[in-house]
Every structure is written in C-alpha cells, then in structure tokens.
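A short worksheet on the structure shown next.
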Amino acid sequence: MRKPIIAGNWKMHKTVEEAVALVREMRAALDAIETVESVVCPPFIAIPAVAEALRGSRVGVGAQNMFWAKEGAYTGEIAPGMLQGWCQYVILGHSERRQYFGETDEGVNKKVHAALAHGLTPIICVGENLEENRAGQTDAVVRRQVVAALAGLTAAQVASLVIAYEPVWAIGTGLNAEPADANRVIGLIIRGAIAELYDEATAQAVRVQYGGSTNPANIGAFMQMPDIDGALVGGASLKAANFVEMVRIAAQVRG
Ligand code: PGA
C-alpha cells in the first residue's frame with residue numbers, strides 16, 4: 001500500500017518569519033492526520049527555521065532544488081549535504097527550473113543520484129508543456145523525462161522515491177488536468193515505463209503525485225484515482241487553511 005503524500009511547493013514565497021508563522025498555523029492540524037504524509041517545501045533560507053518549528057512533528061520538510069556536487073566553486077548553489085538534517089525531501093526537475101534555469105534531463109538525473117546518496121528522497125517533476133500537449137506528444141515527453149531521470153538507479157532506489165506528474169500548462173493557471181487524464185499518464189506512461197525498465201512490483205511501489213492547479217475543491221477527485229498518490233501543491237499551499245483542508249480530504253478519500 002502506497003501512503004498518500006501531499007507536498008506544498010512554496011516556490012519563491014514567504015520570508016523566514018512568514019514561513020515560520022505558516023507552519024505554526026498548520027502544525028497541529030497536520031499532526032492529527034496520520035494516514036497521509038504532508039511535506040512543506042520552503043525557500044532555502046527558511047528551511048532551518050521551518051524545520052525547528054516542526055521539530056517533533058510528523059510534517060516533513062523538503063527543499064525545492066539543490067546542486068549535485070558535494071561542495072566546491074558553484075556560486076549560489078546548495079549542496080545535498082547542506083540539506084541533510086533539515087530536509088527529508090527535495091523537489092528536482094520542477095518545470096520552472098527546466099524552463100527558467102536551463103535544467104536538463106541529464107542534470108536532473110545527476111541530482112537524483114546525489115539526493116539518494118545523501119539520504120534525501122527526491123520528488124522528481126515531469127510533465128509536458130502546452131505545445132507538446134497540443135501536438136499529441138504528452139506520452140513521449142513524459143516517458144523520456146522519466147527514463148532519463150531514473151537512469152542508473154536500482155529498483156529499490158526507484159521504489160523509494162516520489163514522482164510528480166505536472167503538466168506545465170496546468171501549473172498556476174487554474175486549469176487543472178482532468179483527473180482521469182492524469183491517472184492515465186501516471187498509470188500507463190509513468191508506471192508503465194518503470195515496469196518495463198524494472199518490474200511491476202517497483203512500478204506499483206513508487207508514489208506518484210499529480211500537480212497543477214490543485215485546491216481544496218478538486219483534490220478529492222484526484223485522490224479517487226487509483227494511480228494518483230497525492231499532490232504537489234503550489235498556490236494553494238501558501239494558505240494554512242487550504243493546505244490543511246487538502247490533506248484532510250486526501251485522508252478522507254484514501255486514508
Ligand atoms: P500550482 O503549482 O498548484 O500553483 O499550479 C504546482 C507546482 O508547480 O508544483
């Protein structure tokens with residue numbers, strides 16, 4: 001049985017003070033929900049303060065990115081070892097990183113290896129953009145991104161990580177994918193590729209989230225889909241009441 005996981009991707013929002021206030025507002029309500037894992041992913045600078053505010057809580061902490069090297073002359077970057085002790089998760093290959101910061105499939109793969117080597121669980125983002133979607137390339141693009149991100153990993157490593165299927169056209173637009181369409185891509189394309197590369201047990205073990213304009217009103221429909229194990233939530237994760245409500249609904253549907 002895959003435990004559902006709802007992660008809040010705060011992106012470039014919240015000062016350190018605001019970040020701490022937000023988790024303080026959510027902590028008790030999230031701690032009361034045992035059947036769904038909840039994770040918050042603040043900006044780097046707020047991670048230690050948020051982790052402190054969540055000490056003893058069941059709410060996980062994730063980073064939004066990291067570099068693959070252990071250390072060195074990489075101005076502006078954060079190494080995997082720097083996240084150790086503060087984070088359990090790290091979002092890798094988010095479409096905004098691919099789109100605005102030149103991240104490639106190969107780079108994402110290096111980061112996945114580095115994260116796992118440092119005991120961090122990657123949340124690997126994949127998804128087609130609007131042009132690819134309209135051209136009927138969704139399946140090919142998602143498959144390519146999954147195969148590239150997982151290159152060189154063992155089955156046990158793949159089984160331990162999280163994948164987020166995030167159609168780029170659905171992110172921050174208010175236009176979520178149809179739950180059944182997202183379920184098809186996740187079941188057929190993402191789990192299908194993993195079953196081919198590894199085996200069916202690994203494909204069934206990996207947790208796959210949907211992301212893109214999820215909110216309290218639509219999360220229930222996504223959670224009803226058999227291949228969707230939760231959500232990577234952007235905008236709706238910035239308000240305590242919304243995020244808590246989404247985790248609560250996920251627990252009602254799937255907990
Ligand atoms: P959104 O963002 O929920 O604001 O669409 C999702 C994401 O980018 O992870």
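Basis for what follows: all heavy atoms, side chains included, without hydrogens, waters or symmetry-related copies. Order of appearance sets the numbers: ligands from 1, and atoms from 1 within every ligand.
At a 4.0 Å heavy-atom cut-off, ligand 1 touches N9 through the side chain alone.
Residue contact check for ligand 1: G211 places no non-hydrogen atom closer than 4.0 Å to it.
Separating the CG atom in L92 from the CG atom in N65 is a distance of 7.0 Å, to the nearest 0.5 Å.
No salt bridge links D139 with R143; every basic N to acidic carboxylate O contact stays at or beyond 4.0 Å.
The shortest side-chain heavy-atom distance between F222 and Q209 does not fall under the 4.5 Å cut-off. In this structure, the side chains of Y165 and V142 come closer than 4.5 Å at one or more pairs of heavy atoms.
Protein heavy atom nearest atom 7 (C) of ligand 1, with residue, atom name and distance: E166 OE2, 3.1 Å. Nearest non-hydrogen protein atom to atom 4 (O) of ligand 1 is G235 N, 2.8 Å.
Inspection of the W10 and Q64 side chains reveals no N or O donor paired with an N or O acceptor under 3.5 Å. At a cut-off of 3.5 Å, with distance as the only test, no side-chain donor of E18 or H13 sits close to an acceptor on the other residue.
Those atoms of ligand 1 with a heavy atom of L232 less than 4.0 angstrom away are 6 (C), 9 (O). Residue-ligand proximity, K11 to ligand 1, at heavy-atom distances under 4.0 Å covers atoms 2 (O), 7 (C), 8 (O). Heavy-atom contacts of G212 reach the following atoms of ligand 1: 5 (O) (cutoff under 4.0 Å).
With hydrogens and angles ignored, the 3.5 Å screen pairs no side-chain donor or acceptor of Y89 with any backbone N or O of V162.
Residue-to-ligand polar distances place G234 within reach of ligand 1: an N/O pair is separated by less than 3.5 Å. Looking at ligand 1, you'll find an N or O of H94 within less than 3.5 Å of one of its N or O atoms. In terms of polar-atom proximity, G172 is counted as a contact of ligand 1, with an N or O under 3.5 Å from an N or O of the ligand.
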